[in-house]
Amino acid sequence: MSDPKPYTPPKVWKWESENGGQFASTNRPIAGPTHDKELPIGDHKFQLYSLATPNGVKATVMFEELLDAGHDAEYDAWLIKIGDGDQFGSGFVDVNPNSKIPALMDRSGDTPVRVFESGSILLHLAEKFDAFQTAPEHRAEMLSWLFWQMGSAPYLGGGFGHFYKYAPEKWQYPIDRFAMESKRQLDVLDRHLAENEWMAGGVYTIADIAIWGWYGQLVLDRIYDGAAEFLDAASYKHVVEWAERIAARPAVIRGRMVNRTWGDEDMQLPERHSVADFAGLATGQQVAAE
């Protein structure tokens with residue numbers, strides 16, 4: 001399809017209609033709830049409300065990694081169907097006023113604590129359990145890469161991913177613009193990983209978990225069908241090798257399944273309330289053996 005006609009912005013923009021695309025019905029220029037709906041609460045001290053998007057996967061991988069490391073981090077993971085607008089229910093908005101997944105209620109103390117934004121959830125859990133962090137002298141490096149991901153991924157997701165996969169029409173200018181930026185970001189990672197096994201301090205940390213959710217899954221062709229080939233992801237060999245090592249971790253395999261409702265059926269676990277829920281899925285034999 002041809003590029004759009006030149007557009008002259010009005011002096012004051014007004015929201016007059018949906019802008020098209022797969023998620024148009026959930027996009028609006030105002031915050032707050034659209035309907036009353038309380039969130040369910042399970043038996044565990046951590047209540048996660050999410051979906052297995054690249055942001056959601058960060059939280060579930062972190063929980064599964066904590067459990068594999070022997071921490072008391074059992075959690076309930078409740079499915080939030082963003083296509084249905086669950087994130088605009090009053091209960092969800094109380095946990096995350098920004099209406100984005102993932103959102104967490106930490107009920108481990110005397111007073112429940114809400115934690116929203118995926119990077120904040122990773123940092124909250126890492127500090128709570130003193131896990132998946134670097135030595136103090138490398139903490140600034142870890143946080144720098146963690147926040148690099150938070151600042152960079154919108155160009156990959158809301159930029160490249162939207163115009164490459166979800167926009168109602170394919171327009172060359174935005175695809176070229178955000179493909180260029182996505183490849184620049186991959187080059188940043190590839191140059192760093194050429195000299196470092198992990199993102200910070202020589203150990204696997206929340207920085208790796210955060211970045212893998214987006215860029216690891218991208219180079220492994222798990223998001224935006226065909227994007228890995230389009231962006232020549234194989235040429236970023238250090239990123240690919242790093243992504244494959246993380247993808248093979250048992251906790252990551254399980255974490256990708258949680259709150260997932262698409263793809264192979266043996267990789268879907270819409271809700272997770274105990275390790276037994278994985279039985280019969282792709283990790284069923286492994287879980288049974290453990």
Distance alone, cut at 3.5 Å: any donor-acceptor contact between the side chains of [X] and [Y]?
{"X": "Lys183", "Y": "Tyr236", "answer": "yes"}
{"X": "Gln47", "Y": "Trp78", "answer": "yes"}
{"X": "Gln149", "Y": "Lys58", "answer": "yes"}
{"X": "Tyr204", "Y": "Glu197", "answer": "no"}
{"X": "Asp43", "Y": "His273", "answer": "no"}

Between Asn55 and Thr53, is a side chain to side chain donor-acceptor pair (under 3.5 Å) present by the stated rule, with each step listed?
-> CA-CA 5 Å; Asn55 281 330; Thr53 65; 5.2 Å; no
Distance check, rounded to the nearest 0.5 Å: [X] atom [atom1] versus [Y] atom [atom2]?
{"X": "Asn259", "Y": "Ile80", "atom1": "CG", "atom2": "CD1", "value": "8.5 Å"}
{"X": "Ile101", "Y": "Ile82", "atom1": "CD1", "atom2": "CD1", "value": "6.0 Å"}
{"X": "Glu244", "Y": "Glu241", "atom1": "CD", "atom2": "CD", "value": "7.0 Å"}
{"X": "Glu117", "Y": "Leu122", "atom1": "CD", "atom2": "CG", "value": "11.5 Å"}
{"X": "His35", "Y": "Ser90", "atom1": "NE2", "atom2": "OG", "value": "7.0 Å"}
{"X": "Met150", "Y": "Ser120", "atom1": "CE", "atom2": "OG", "value": "8.0 Å"}

Lys/Arg cation over aromatic Trp198: Arg245, 6.0 Å, 45° cone | yes
Step-by-step side-chain contact (heavy atoms from CB on, under 4.5 Å) determination, Asp225 to Tyr164 = CA-CA 9 Å; Asp225 300 338; Tyr164 178 80; over 6 Å; no
Take atom [atom1] of [X] as the centre, draw a 6.0 Å sphere, and report whether it contains more than 12 heavy atoms from other residues, nucleotides or ligands.
{"X": "Glu137", "atom1": "CD", "answer": "yes"}
{"X": "Asn98", "atom1": "CG", "answer": "yes"}
{"X": "Phe88", "atom1": "CZ", "answer": "yes"}
{"X": "Arg191", "atom1": "CZ", "answer": "no"}
{"X": "Lys128", "atom1": "NZ", "answer": "yes"}

Of all the heavy-atom pairs spanning [X] and [Y], show the shortest one and how long it is.
{"X": "Val61", "Y": "Val252", "result": "CG1-CG2, 3.8 Å"}
{"X": "Gly255", "Y": "Thr60", "result": "O-OG1, 2.8 Å"}
{"X": "Ala103", "Y": "Val95", "result": "CB-CG1, 3.6 Å"}
{"X": "Ser99", "Y": "Val93", "result": "OG-CG2, 3.5 Å"}
{"X": "Ile253", "Y": "Ala247", "result": "CG1-O, 3.4 Å"}
{"X": "Pro54", "Y": "Gly213", "result": "CB-O, 3.3 Å"}

Between Leu186 and Leu218, is a side-chain contact (heavy atoms from CB on, under 4.5 Å) present by the stated rule, with each step listed?
-> CA-CA 10 Å; Leu186 288 170; Leu218 174 70; 4.2 Å; yes
Is there side-chain contact between [X] and [Y], with at least one heavy-atom pair below 4.5 Å?
{"X": "Leu269", "Y": "Arg260", "result": "no"}
{"X": "Met257", "Y": "Gln268", "result": "no"}
{"X": "His238", "Y": "Glu195", "result": "no"}
{"X": "Lys100", "Y": "Ser118", "result": "no"}
{"X": "Asn96", "Y": "Tyr49", "result": "no"}
{"X": "Leu79", "Y": "Leu51", "result": "yes"}
{"X": "Leu104", "Y": "Phe116", "result": "no"}
{"X": "Phe92", "Y": "Pro33", "result": "no"}

Counterpart residues, salt bridge (Lys or Arg N to Asp or Glu O under 4.0 Å), relative to Glu64 (two or more places apart) | Arg254, Arg272
Between [X] and [Y], is there a side-chain N and carboxylate O pair less than 4.0 Å apart?
{"X": "Glu74", "Y": "Lys45", "value": "no"}
{"X": "Asp94", "Y": "Arg114", "value": "no"}
{"X": "Glu127", "Y": "Arg139", "value": "yes"}

Would you find a donor on one side and an acceptor on the other, under 3.5 Å apart, between the side chain of [X] and the backbone of [Y]?
{"X": "Asp277", "Y": "Ser274", "value": "yes"}
{"X": "Gln133", "Y": "Ala126", "value": "yes"}
{"X": "Tyr215", "Y": "Val239", "value": "no"}
{"X": "Asp84", "Y": "Asp86", "value": "no"}

Taking the six-membered ring for Trp, are [X] and [Y] parallel (under 30°), tilted (30 to 60°) or perpendicular (over 60°)?
{"X": "Trp171", "Y": "Phe163", "answer": "tilted"}
{"X": "Phe230", "Y": "Phe160", "answer": "parallel"}
{"X": "Trp145", "Y": "Trp148", "answer": "perpendicular"}

From CA spacing to verdict: side-chain contact (heavy atoms from CB on, under 4.5 Å), His138, Met142 | CA-CA 6 Å; His138 300 297; Met142 180 190 74; over 6 Å; no
Please confirm whether His71 and Phe129 have ring centers closer than 6.0 angstrom.
-> yes
For residues Tyr75 and Phe63, establish whether the separation of their ring centroids is below 6.0 Å.
-> yes
Apply side chain to side chain donor-acceptor pair (under 3.5 Å) to Tyr155 and Gln185, showing your working.
-> CA-CA 9 Å; Tyr155 292 97; Gln185 293 173 2; over 6 Å; no
Transitive ILVMFWY side-chain link Trp214 to Met180, under 4.5 Å = no
Linking I/L/V/M/F/W/Y whenever their side-chain heavy atoms sit closer than 4.5 Å, directly or via other members, would Trp242 and Val203 fall into one cluster?
-> no
Go through the steps for Asp190 and Lys237 under the test salt bridge (Lys or Arg N to Asp or Glu O under 4.0 Å), then give the verdict.
-> CA-CA 7 Å; Asp190 203 58; Lys237 61 181 182 179; over 6 Å; no
Assess whether side-chain contact (heavy atoms from CB on, under 4.5 Å) is satisfied between Met199 and Ile211, documenting all intermediate values.
-> CA-CA 9 Å; Met199 293 307 303; Ile211 294 170; 3.8 Å; yes
